[in-house]
Every structure is written in structure tokens, then in C-alpha cells.
Amino acid sequence: PGPSATASKRFTRTSCAASSARASRCAGRWPCVASGTAATSTREIVLFEYPGYGARPGQPSQRTLVEAAVAAFTQLRAERPGPVWLLGESLGSGVAAQVAARDPRAPAGLILVTPIARMADVAAWHYPYLPVRALLRDRWDSVAALRAFRGPAAILVAGRDEVVGAEQGRQLARALPTPPRLWEQPDAGHNSVDVFPGALPWPEIRALVDAAAQADTAGQRPSPLAR
């Protein structure tokens with residue numbers, strides 16, 4: 001189904017297109033980004049399901065996931081007058097990066113949670129004795145994909161990430177042309193990041209999103225380092 005949400009009458013509404021495996025199970029996961037009262041919130045989260053996941057038919061691959069994400073992002077921008085951020089968790093960070101690569105000026109910003117910088121590095125980290133770099137079909141190279149992206153970005157690293165490794169997020173942060181805001185939850189694992197709306201860094205990420213929306217309304221982009 002297409003994205004849908006109510007519109008704010010008082011503020012520019014910012015939409016976040018969220019890319020995460022099994023979106024049907026993630027519907028309640030992102031109040032940390034959209035937190036606010038019905039009268040004052042200027043943020044909404046729009047989830048989309050990957051092909052081959054949940055009830056959505058199809059075969060999952062880098063090509064099909066990115067095509068689905070581009071279609072959802074294009075539809076969301078057509079239906080919403082305000083800025084649209086891309087939110088990606090884990091593999092979803094790679095999807096978000098590939099969408100941004102198609103048109104680096106289209107997303108208002110990026111929120112990347114436990115991200116992957118290069119899938120080949122993750123595979124080699126898990127299987128150092130195998131030639132995984134040569135065997136890997138879907139490369140998911142976010143470093144290359146985001147070389148031209150100069151918008152604001154927020155990156156959250158899990159300090160004890162046992163799936164992709166904490167260094168992946170740090171590496172991606174170092175590679176972005178415009179320095180992103182980088183946070184680390186030192187005791188979190190890949191699947192145990194604290195998404196309570198009051199936990200750090202979510203209040204600061206919401207402030208970053210709102211500042212970008214205000215600057216967009218004023219016709220200028222803020223520094224991604226502005227608090």
C-alpha cells in the first residue's frame with residue numbers, strides 16, 4: 001500500500017521513509033523519531049516492506065530492494081509537500097544509501113542506525129578464511145553510494161554490534177563528504193539499540209530533523225553539525 005499520514009496545519013511536516021526488514025514488525029519501533037503530541041508533532045514515519053519479506057511478494061536482492069525503495073520514496077515525495085528523510089536500520093542503511101545515490105539532493109537527510117559501510121568488509125570480518133569479497137553478489141557499498149551526498153546525516157552505532165561491527169558505522173561517518181552527527185550507544189548490540197524516545201541520541205536527532213525543516217522553509221540548509 002502507498003504511504004499515508006495526517007498533515008500538520010501549523011508546521012512544515014517532515015516525512016521519514018523507513019527502510020527495515022519485516023516492516024510489519026517495526027511499526028511501533030520508531031516513535032523515537034516521530035515523537036510529539038498530535039497537535040505539535042511535525043514528523044511522521046512511513047514504513048515500506050521489502051520484496052520477499054512479510055506479505056510482499058518478490059525475491060529479495062540489492063536490485064529489487066533498491067527499486068522498491070526508490071518507488072516508495074518517489075511516491076512519498078509526490079504526496080507530501082514537506083522534506084523527506086531516509087531512515088535505514090542495518091541492511092536498511094544500505095538501501096537508504098542507494099536511494100540517495102540516485103539523486104543526492106532529493107533526500108532532506110539521512111538517519112542510519114547500526115549501518116553497513118561496505119558489506120564486503122562485514123563478510124570478510126565474519127569469514128576471514130574465505131574469499132568472500134570475490135563471491136559476494138550484492139555489494140551494498142554505502143561509502144561509494146554516498147560520495148556525492150552533502151545533506152545532514154545522523155548515524156547511530158551500537159558499541160557491541162556483533163552482526164556488522166561498530167567500526168562499520170564509524171567508517172561510514174568518516175567517509176561522508178559532509179561530517180555527520182555520530183552517536184554511539186556503547187553497551188548496545190546490533191538488535192538491542194535503545195529506541196526509547198527520551199534516550200540519547202533521539203532528542204538530538206529530532207532536533208536535527210526539525211532544524212533542517214525550518215531551514216528548508218527559509219530556503220537554506222542548516223549545518224549538519226548544528227544542535
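Note: hydrogens, waters and symmetry copies are ignored here, and every other heavy atom, side chains too, is used.
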Measure the spacing between CD1 of Ile155 and CD1 of Ile111 and express it to the nearest 0.5 Å. 11.5 Å
Is there a side-chain contact between Ser61 and Arg137 in this structure, where contact means two heavy atoms from C-beta onward sitting under 4.5 Å apart? yes
Do Leu146 and Leu110 have side chains that approach each other closer than 4.5 Å (heavy atoms only, starting at C-beta)? yes
Using a strict 4.0 Å threshold on nitrogen-to-oxygen distance, state whether Arg63 and Asp138 make a salt bridge. no
Here the pair of heavy atoms bringing Ser142 nearest to Gly94 is OG-CA, 3.6 Å
Contact summary for Trp202 and Phe196, nearest pair of heavy atoms: CD1-O, 3.4 Å
Have Glu204 and Trp183 got a donor and an acceptor in their side chains that come within less than 3.5 Å? yes
Do Met119 and Val132 sit in one hydrophobic cluster, given that two such residues count as connected whenever their side-chain heavy atoms are within less than 4.5 Å of each other, even indirectly? no
Looking at every heavy atom in both Gly169 and Leu182, which two are closest together, and how far apart are they? O-CD1, 4.5 Å
Measure the spacing between CG of Leu65 and CG of Leu91 and express it to the nearest 0.5 Å. 6.5 Å
Could you list the residues that satisfy side chain to side chain contact (heavy atoms under 4.5 Å, CB included) with Glu184, not counting sequence neighbours? Val157, Arg170
Which heavy atom of Pro201 sits nearest to which heavy atom of Gln185, and what is that distance? CD-NE2, 3.9 Å
Should Gln168 and Asp161 count as side-chain neighbours, where that means a heavy-atom distance under 4.5 Å? no
Any donor-acceptor pair under 3.5 Å linking the side chain of Arg43 with the backbone of Val33? yes
Closest non-hydrogen atom pair, Ala120 against Arg139: CB-NH2, 3.9 Å
Side chain of Arg56, backbone of Tyr50: donor and acceptor closer than 3.5 Å? no
Starting at CG of Asp103, measure out to CZ of Phe149 and round the result to the nearest 0.5 Å. 10.5 Å
Expected output: side-chain His190 to main-chain Ala166 donor-acceptor under 3.5 Å: no
Go through it in stages, so that I can follow the logic: the residues are Arg105 and Arg150, the test is side chain to side chain contact (heavy atoms under 4.5 Å, CB included), and I'd like the CA-CA distance, side-chain angles, deciding distance and then a yes or no. CA-CA 8 Å; Arg105 293 189 59 83; Arg150 287 173 170 76; over 6 Å; no
Minimal non-hydrogen separation, Ser93 against Pro115, with atom names: OG-CA, 3.3 Å
What's the spacing between Leu135 CG and Tyr127 OH if we round to 0.5 Å? 12.5 Å
To the closest 0.5 Å, what do you measure between CD1 (Ile116) and CG (Leu172)? 10.0 Å
Any donor and acceptor pair, going by atom type alone, linking the side chain of Ser192 with main-chain N or O of Ala188 inside 3.5 Å? no
Using modelled atom types only, decide if a donor and an acceptor are shared between the side chain of Thr114 and the backbone of Glu89 within a distance under 3.5 Å. no
Hey, could you give me the CZ/CG distance between Arg118 and Leu136, rounded to the nearest 0.5 Å? 13.0 Å
Do Trp140 and Val122 have side chains that approach each other closer than 4.5 Å (heavy atoms only, starting at C-beta)? no
